[in-house]
Amino acid sequence: MSFLLAQLSSLLMICMVSLSHAQGPPSPGYYPSSRINTVGFGQGFGNLWGPQHQRLDQDSLSIWLDRSSGSGFKSINSYRSGYFGAAIKLQPGYTAGLSNNQDFPGHHDEIDIEFLGTTTDKPYILQTNVYMKGSGDGNIIGREIKFHLWFDPTQAFHNYAIIWDPNEIIFLVDDVPIRRYPKKSDATFPLRPMYLYGSIWDASSWATEEGKYKADYRYQPFVGRYKNFKIGGCTTNGPASCRPPSSSPSSNGGLSRQQITAMNWVQSNYLVYNYCHDPKRDRSKIPEC
């Protein structure tokens, strides 16, 4: 499943518990989600595809994938910065081959949180990603950093969010920063207006262990549940004076020392993959590393 931002883009969800670190991360000391109002699904979003695979119940949205189709939704407005989040609950059991993400042809920017389906004996992977010029340019350069989580995301709703401002992108889980992507140059930072998307679809060719395990429709339907949608953003056509919500107690932005401590704890204990540390990557194409 996914929830991501793109120039036609969005955000996402899923994972499992690690017993060795089950106590959870240190407090970040600041909770951006508490400063953003909840938006009813109909106020902020509409169906993108697969309407027969969506169900809205008092602003709690279920979307599902079966052999016939997946489903997706899209924000009504496009944005040039902001806070974007939702509470998400994932499906337990065999979910290999699944992704909540959407592929948009052509040149576009994209910021992703994706939950990659898994087999019954392994935890979900939460994949964060940043694209410039996205898919369709013939030279896709992903900037993937992947995590396990310190809880079981199939047992309860948890909050997943992206803060995107002109200087950095922060990925958060339950208000804990897990990744910071700073702007180092215009060439390596998404600058174009984006929409917010959520979706579930069959990504058997790559989602689970590089495509080793495929979607198995004996376990259908595969369901993702969303609620507490939060958007605190500057719309594309909004006033130039608009500023996105701060990611930290400082009005100047930048994570606090306490937030950095919490993020370092997550990365020390739950980091699965970092594209900057991958010897197979062409360093000339990822100069920010």
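Heads up: numbering here begins at 1 and tracks the sequence. These numbers come from the heavy atoms of this one structure, side chains and all, not from hydrogens, waters or symmetry mates.
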Practice problem: Run the salt-bridge test on E288 and R283 with the 4.0 Å N-O cut-off and return the result as yes or no. | Solution: no
Quiz item: Excluding sequence neighbours, so at least two apart, what forms ring pair (Phe, Tyr, Trp, His ring centres under 6.0 Å) with F157?
Solution: none
Quiz item: For S81, which residues count as a side chain to side chain donor-acceptor pair (under 3.5 Å) partner, sequence neighbours excluded?
Solution: none
Quiz item: With sequence neighbours left out, what residues match S250 under side chain to side chain donor-acceptor pair (under 3.5 Å)?
Solution: none
Self-check item: Sequence neighbours excluded, every pair satisfying salt bridge (Lys or Arg N to Asp or Glu O under 4.0 Å) that has a member inside residues 162-179
Solution: E168-R180
Listed partners of [X] passing side-chain contact (heavy atoms from CB on, under 4.5 Å), at least two apart:
{"X": "D66", "result": "H53, W64, S68, Q220"}
{"X": "C276", "result": "N274, C289"}
{"X": "Q258", "result": "S27, S256"}
{"X": "D57", "result": "none"}

Exercise. Each residue besides I170 in its hydrophobic cluster should be listed here, by chain and number; the cluster joins Ile, Leu, Val, Met, Phe, Trp and Tyr at side-chain heavy-atom distances under 4.5 Å.
Key: I36, Y83, I163, L172, L255, I260, M263
Exercise. Could you identify which residues cluster with Y31, counting Ile, Leu, Val, Met, Phe, Trp and Tyr as linked when any side-chain heavy atoms lie under 4.5 Å apart, either directly or through a chain of such contacts?
Key: none
Self-check item: Pairs meeting criterion disulfide bond (SG atoms under 2.5 Å apart) with involvement of residues 37-80, two or more places apart
Solution: none
Practice problem: Would you mind listing every disulfide bond (SG atoms under 2.5 Å apart) that reaches into residues 37-84, with sequence neighbours excluded? | Solution: none
